[in-house]
**Student:** 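The structure's right below; bear with me while I get my questions together.
Whatever order the structure lists them in is the order used to number ligands and atoms, beginning at 1. Source: prediction; values computed, not measured.
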Amino acid sequence: MAGPKIRLGRVLGITFQIDPTWFVVFTLITLSLTTRFSEQYPHWKTFTYWSVGILTSLLFFASVILHELAHSAVAISKGIPVRSITLFIFGGVAQISREAGRPSTEFLVAAAGPAASVLISFFFGGIWLLSDGHYEVLAALGQWLAEINLLLALFNLIPGFPLDGGRILRSIIWGLSGNFTGATRVASIVGKIVAYSFIVIGVVVALRGNFFNGLWIGFIGWFLLNAAQQSYQQVILRESLAGIKADEMMTRDCPRVERGTTVATFIEDFLFRTGRHCFLVMDNDLLQGIVTLHEVNKTPRDQWDQVHVEEIMIPLQQLRWVSPDQDIVKILEFMDREDINQVPVVEQGRLLGMVGRQEILHLLQKRLEVSA
Ligand SMILES: [Zn+2]
């Protein structure tokens, strides 16, 4: 899910956004709904089944957001910040900033989504029952939304990682065994079995003539497979970095650059020549701030000749830092949260060095080569 997102806004610290791929699935669902309504209710006017189709489709995605909000609300109540909720081609995803620290927390966060979907299903089921026979339009809308939300809850309860059911399974095994990595391994294996089953079912459905549905099921399987692999790799990553402290891997000799240097000179004489990622901006002997590739990239190219590094640097006061005994895994989470690639290591106001993603990945690579 890389690439640009359309930002809708920020509520309670959560950024709501839409991935462009979402428009594909929104269009497909709206089209399939209008076709379904026009077949089921041939006496409706064209305008009616189109507007009901679009409205139903929008309400479906509102239900998906509510499902993600339920996960987020429980996470926040347990002290785990939520960065964003994104709608994309396969539904919604809440970017929760870190893993739950306890099995019971993970269980509650994971179960909240399907529970919300069941409640939403009951709500629309109620609308369906109450309006059936009186308001056909409302009944049609209620029926479909009741069914789809129940389906959404059931689909998410499939016990394979990364689905909610996989997280629930992991939290149970984790709680019983006390072994987080082992529990993740089991949940990912089940997740892969589920994913391969989807791919096989997709191929069978496609070969039996329902090409589009088969393709879609296979596509979901492929997505699940990738996600299951990725989430397992993340756990392995955390495990191999566990226990390493910031001062064991920081770069101690960050090059210094005078504050009056233009960005163009900085790029040519420092960035390219040293191959480093982070630089200290100095006023003679006094540290003013730091500048990294990140800040350079944010500066428009045609201004590189006029702008000085002190204008684009992160000033000392705004600098987010970590202490030398901070755990690398925590620092990675911190960099994710702050959206930065470098973080200074500071002790009692003194800058000791810098830790960057590059160094962490480097170390990880070495460790994996040794253990392979
Ligand atoms: Zn969910």
Side-chain angles (χ1 to χ4, degrees), residues 1 5 8 11-19 21-22 25-26 29 59-78 80-100 102-124 145-174 183-184 186-188 190-192 194-195 198 216-217 219-232 234-235:
M1 246 207 335
K5 312 270 188 292
L8 300 179
V11 182
L12 301 170
I14 306 172
T15 303
F16 289 79
Q17 53 191 14
I18 288 179
D19 187 88
T21 57
W22 173 78
V25 71
F26 174 73
I29 288 186
L59 284 172
F60 167 60
F61 287 104
S63 313
V64 172
I65 290 184
L66 280 176
H67 173 112
E68 297 306 328
L69 265 180
H71 287 305
S72 306
V74 177
I76 291 171
S77 79
K78 297 287 177 188
I80 306 172
V82 177
R83 287 173 63 191
S84 60
I85 290 180
T86 310
L87 282 179
F88 72 121
I89 193 161
F90 296 118
V93 61
Q95 197 79 46
I96 294 175
S97 65
R98 60 179 164 86
E99 302 273 11
R102 288 163 48 184
S104 58
T105 307
E106 162 139 70
F107 181 88
L108 291 174
V109 172
S117 292
V118 169
L119 286 178
I120 298 166
S121 171
F122 284 170
F123 172 77
F124 284 114
L145 285 167
E147 287 169 2
I148 199 78
N149 275 297
L150 192 62
L151 203 67
L152 192 69
L154 292 176
F155 172 74
N156 273 295
L157 283 172
I158 295 174
F161 223 61
L163 293 168
D164 297 337
R167 292 188 173 276
I168 293 173
L169 176 70
R170 172 168 81 174
S171 72
I172 294 171
I173 302 175
W174 179 17
T184 308
V186 174
S188 325
V190 180
K192 280 185 198 167
V194 171
F198 266 78
W216 190 246
I217 295 169
F219 207 31
I220 291 178
W222 171 81
F223 167 74
L224 289 177
L225 189 63
N226 272 323
Q229 267 156 352
Q230 263 176 24
S231 34
Y232 185 55
Q234 256 163 25
V235 172

**Student:** Indicate the ring-plane relationship of Phe155 and Phe198, choosing parallel, tilted or perpendicular according to the 30° and 60° boundaries.
**Tutor:** perpendicular

**Student:** For the residue pair Asp164 and Ala110, what are the closest heavy atoms and their distance?
**Tutor:** CB-O, 3.7 Å

**Student:** Can you count the protein N, O or S atoms that lie less than 2.8 Å from the Zn ion (ligand 1)?
**Tutor:** 4

**Student:** Determine whether the aromatic ring centres of Trp174 and Phe107 lie less than 6.0 Å apart.
**Tutor:**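 No, the ring of Trp174 stays outside the 6.0 Å limit from the ring of Phe107, centre to centre.
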
**Student:** Considering only heavy atoms from C-beta outward, does the side chain of Ser63 approach that of Phe124 to under 4.5 Å?
**Tutor:**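 In short, these two side chains touch, coming nearer than 4.5 Å.
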
**Student:** Tell me whether the rings of His67 and His71 are parallel (<30°), tilted (30 to 60°) or perpendicular (>60°).
**Tutor:** perpendicular

**Student:** Name all pairs fulfilling the salt bridge (Lys or Arg N to Asp or Glu O under 4.0 Å) condition that reach into residues 108-118, sequence neighbours left out, sorted by first residue then second.
**Tutor:** none

